[in-house]
Protein chains: 4
Amino acid sequence: MDTVKPTTNLKKAQETMEASKPDTATRILDVSERLFVEHGFEGTSLRMITQQAEVNLAAVNYHFGSKDALFESVFMRRLAPLVAACLAELDRLDAAEGKTTVEELVMAFIRPCLALSKDPSRGGALFVRLLSRALVENHRLLRETISQQYSVFVHRFGKAFKEALPGLSDEELAWRMHLAFGIMFNAFAGNDVLKIFVRSQVVTARDPDMIVKHLLPFVVSGLVAPAQG
Amino acid sequence: MDTVKPTTNLKKAQETMEASKPDTATRILDVSERLFVEHGFEGTSLRMITQQAEVNLAAVNYHFGSKDALFESVFMRRLAPLVAACLAELDRLDAAEGKTTVEELVMAFIRPCLALSKDPSRGGALFVRLLSRALVENHRLLRETISQQYSVFVHRFGKAFKEALPGLSDEELAWRMHLAFGIMFNAFAGNDVLKIFVRSQVVTARDPDMIVKHLLPFVVSGLVAPAQG
Amino acid sequence: MDTVKPTTNLKKAQETMEASKPDTATRILDVSERLFVEHGFEGTSLRMITQQAEVNLAAVNYHFGSKDALFESVFMRRLAPLVAACLAELDRLDAAEGKTTVEELVMAFIRPCLALSKDPSRGGALFVRLLSRALVENHRLLRETISQQYSVFVHRFGKAFKEALPGLSDEELAWRMHLAFGIMFNAFAGNDVLKIFVRSQVVTARDPDMIVKHLLPFVVSGLVAPAQG
Amino acid sequence: MDTVKPTTNLKKAQETMEASKPDTATRILDVSERLFVEHGFEGTSLRMITQQAEVNLAAVNYHFGSKDALFESVFMRRLAPLVAACLAELDRLDAAEGKTTVEELVMAFIRPCLALSKDPSRGGALFVRLLSRALVENHRLLRETISQQYSVFVHRFGKAFKEALPGLSDEELAWRMHLAFGIMFNAFAGNDVLKIFVRSQVVTARDPDMIVKHLLPFVVSGLVAPAQG
DNA sequence: GATGAATGAGTATTCATTCAT
DNA sequence: CATGAATGAATACTCATTCAT
């Protein structure tokens with residue numbers, strides 16, 4: 001899909017010149033990503049997508065088969081590289097000598113998220129929000145089709161945290177990971193519960209590095225806290 | 001409306017006996033609360049609501065005016081008492097002698113959430129999930145109509161945390177609160193990011209007390225952590 | 001209905017004092033008259049009526065039985081006096097010595113319309129518009145229930161015009177009356193076809209006397225014109 | 001769309017043979033025209049239209065976007081040619097030598113209306129009624145979107161009448177046109193006010209030529225009448 | 001004498017999807 | 001490779017009317 005393929009279509013080539021318009025399928029993915037984040041899966045209609053992507057209404061079904069399949073494509077386009085990047089970080093830590101610290105493990109997840117947030121196309125930053133949306137919406141697609149193949153992600157992090165936090169029981173460890181990953185996703189997604197109560201955003205962080213600065217000590221402290229008697 | 005009034009209507013009395021069916025508006029609220037949590041606002045149709053509530057389709061519009069207004073009613077029915085309970089906890093802490101600890105402050109929020117979670121009608125437990133959904137869905141109603149009147153909630157907690165954590169800058173404090181409340185809501189809502197990666201639920205906690213047991217040390221540690229240089 | 005009746009209802013009496021609010025049925029009639037003119041019969045809902053009249057939604061059905069019956073009441077409240085006034089004018093002309101002129105006959109219709117237009121409650125002016133609306137909308141109620149009892153109106157005018165315009169055949173006379181009454185109703189109703197083509201109103205006549213000034217010579221000339229060979 | 005295109009689709013060709021069924025959009029327009037006349041805009045539901053046109057309920061929105069837009073299409077389909085025909089008549093009169101008479105001007109409007117009334121599809125005759133309905137209903141669409149571009153219609157007729165009736169003031173002239181066009185539209189639309197009072201139609205004219213025969217002398221006389229002192 | 005609650009049928013519109021071309 | 005046309009089902013919402021109180 002990303003490979004350069006010679007085009008003989010002059011008209012298309014010209015369009016590419018003029019507006020550097022990506023191809024139909026990519027345009028659909030880009031627009032969908034944004035709209036799914038803004039309005040959710042149910043709240044985004046194919047009409048909205050195709051109008052903004054300036055493609056035919058039938059194009060979505062033509063290229064992706066169904067709205068569900070489109071969602072899956074939107075999702076996997078970002079999820080696969082993210083997971084791969086995290087695993088690469090873990091590999092790197094495994095290869096390094098000495099015991100891996102909790103902070104290093106946390107950064108093994110944060111760093112790829114950070115890269116995503118800084119993605120120049122802005123699509124990456126949206127994806128974290130999409131992920132947290134999909135999570136809360138508890139998508140059938142998440143539970144059934146998508147992922148589940150990424151259990152390796154959880155297992156690898158689980159093993160690494162177990163080694164880094166030897167004092168914790170398995171149950172306690174699972175909870176810590178649950179809380180830690182939850183808080184990290186929330187932070188990057190910019191979900192601010194307190195917005196429910198006050199109009200003004202409590203935290204103002206457009207800068208992803210600021211997120212890390214405040215997030216990191218919180219998460220690490222939470223993870224290493226002594227378990228409650 | 002709540003006053004006991006003698007009823008001579010046998011049929012109605014029997015219905016009340018059999019199913020102790022609440023009145024129309026309440027039935028709509030109860031069903032809506034559940035469905036909004038399960039399928040989200042957009043994903044829940046008035047048909048679904050009225051069918052399950054066994055009321056006429058037009059009843060929603062009659063009693064609430066619109067789907068939006070219904071959502072607001074569903075929301076405020078729980079939010080108002082929750083906020084009130086939190087503020088009462090803060091009042092209690094203010095009245096007590098001695099400096100309030102971070103843990104006490106955290107519990108000032110957790111305790112009402114816990115009460116909600118243990119609500120025998122199960123509606124309370126749902127509400128926390130609804131709240132986190134509404135947050136992520138970034139409802140226009142949340143941003144505009146609902147709440148905003150509860151800025152007192154944030155201000156009171158802000159002031160209390162500032163006193164309990166004198167070493168933190170205002171900015172740092174705002175972030176800590178953002179993260180702390182986020183994680184607490186997530187925990188009670190049962191949002192588990194890791195479900196994206198593995199089928200099996202990582203943490204199994206139907207028991208609200210278990211949530212607190214694992215949540216409390218994590219949050220407190222995160223809040224009191226030394227700020228990053 | 002207009003007679004003073006002793007009221008023992010203190011609350012009602014006070015309301016009457018404060019806002020000189022007419023009774024429920026009259027309020028409904030007044031509001032309906034205006035709304036039927038503005039939005040037509042189909043375009044006016046009982047909700048619109050009852051809200052503006054500040055009465056209960058069920059009040060219309062209670063007082064009038066149905067929307068159809070309400071329309072009939074609105075209509076007849078004005079039509080009966082109008083017809084009566086016209087007939088009185090004709091009686092006066094009959095009683096007077098000398099032959100009745102066409103202009104006198106035209107004025108026998110115009111004068112009551114003028115009185116209606118000058119009605120201080122503004123309801124009268126609306127009624128002419130309502131009449132022309134009902135006409136164009138070709139209401140079932142007009143064709144069936146209402147009027148038809150007013151054939152005397154047409155017969156009396158027909159006889160009078162026949163005497164005043166002895167040169168015309170019966171068929172020609174019927175056409176002249178059709179055209180003359182049509183134009184007069186249109187003029188008082190303020191229906192301006194040319195508004196379809198230009199935004200600015202062609203004729204600006206809020207003053208009913210101006211209508212007569214321009215209408216009268218046109219209608220009389222049309223009526224007395226020699227028939228086409 | 002109007003170009004002849006060879007069809008190899010047997011089924012479609014047969015349908016065309018059997019019922020000579022026009023295409024979907026045209027069928028909708030034809031049926032709408034009739035129903036809007038019979039029941040008005042508000043009184044005509046999309047269901048009525050689509051059932052009679054034997055098209056899918058969603059077809060109206062697909063082809064026209066909304067009920068409002070459909071009305072506009074129905075309206076403009078006839079209005080544009082009518083205005084064009086009138087202007088052509090005026091052009092012809094301008095080109096002819098000698099002063100244009102009032103009767104010629106009146107006929108410059110009547111003739112296109114007559115042609116419309118004699119339209120074999122009957123749609124034209126309906127349109128005049130639709131126009132008078134829309135006028136009385138005072139459609140938002142008439143005031144805002146539709147026409148307004150046809151001010152040339154009024155200006156051309158206005159200039160021509162001014163020359164043909166040099167004795168009248170501008171104000172008087174505007175009134176005469178208002179009355180004349182009103183009466184002509186009414187006559188062609190068959191709006192008979194007297195039907196309100198008697199069951200039997202006063203004038204019986206299915207034959208458009210009869211309308212002209214009686215209408216013409218009335219209108220011309222009205223227009224050339226001496227202004228009231 | 002009047003009303004709050006309720007309802008079944010209706011409204012315009014939008015939905016994701018299909019299919020012939 | 002792509003699209004205009006079409007569709008059945010669903011959407012939120014409004015309607016006039018009824019009825020127990």
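What you are looking at is a predicted structure, and each value in this text was computed from that prediction instead of being measured. So that the names make sense, note that chain A is the first sequence line, chain B the second, and so on, each numbered from 1.
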Describe, as an angle rounded to 10 degrees, how the axis at the first end of the helix from E:dA2-F:dT21 to E:dT21-F:dA2 is tilted relative to the axis at the last end, five pairs per end.
10°

Expressed as a whole number of angstroms, how long is the span from C:I49:CD1 to F:dT14:P?
17 Å

Least distance between heavy atoms, B:S66 atom then B:N61 atom
CA-OD1, 4.1 Å

How many angstroms lie between atom NE2 of C:H39 and atom CZ of C:R133, to the nearest 0.5 angstrom?
8.5 Å

One should read off an interatomic distance between B:E42 CD and A:S45 OG, to the nearest 0.5 angstrom, of 10.0 Å

In this structure, how many angstroms lie between the C1' atom of E:dA16 and the CG atom of A:L70, rounded?
12 Å

Does the side chain of C:L79 come within less than 4.5 Å of C:L131's, by heavy atoms?
yes

After noting the C-alpha distance and the side-chain angles of C:L35 and C:E38, does the key distance pass the side-chain contact (heavy atoms from CB on, under 4.5 Å) rule?
CA-CA 5 Å; C:L35 292 180; C:E38 285 174 21; 4.1 Å; yes

Just to be sure I understand the geometry, which residues of residues 50-67 of chain D put a non-hydrogen atom under 4.0 Å away from DNA chain E?
D:L57, D:A58, D:N61, D:S66, D:K67

Contact between A:R77 and A:D30 at the side-chain level, heavy atoms closer than 4.5 Å - yes or no?
yes

Could you state the CD1-P distance from B:I28 to F:dA12, rounded to the nearest angstrom?
13 Å

Option passing ring pair (Phe, Tyr, Trp, His ring centres under 6.0 Å) with D:H139 (candidates D:F36, D:F75, D:F41):
D:F41

Distance check, rounded to the nearest 0.5 Å: B:Y62 atom OH versus B:T24 atom OG1?
10.0 Å

Check whether any side-chain heavy atom of B:L70 sits under 4.5 Å from a side-chain heavy atom of B:I49, and report yes or no.
yes

Can you measure B:D68 atom CG to F:dT11 atom P for me and round it to whole angstrom units?
16 Å

Hey, are the side chains of C:T44 and C:S32 touching, using non-hydrogen atoms and a 4.5 Å cut-off?
no

D:L130 and D:F127, any side-chain heavy atoms less than 4.5 Å apart
yes

For C:R47 and for D:R47, find the nucleotide of DNA chain E with the closest heavy atom, then tell me which residue's nucleotide is more 5'.
C:R47

Hey, can you pull the residues of residues 32-46 of chain B with a non-hydrogen atom under 4.0 angstrom from DNA chain E?
none

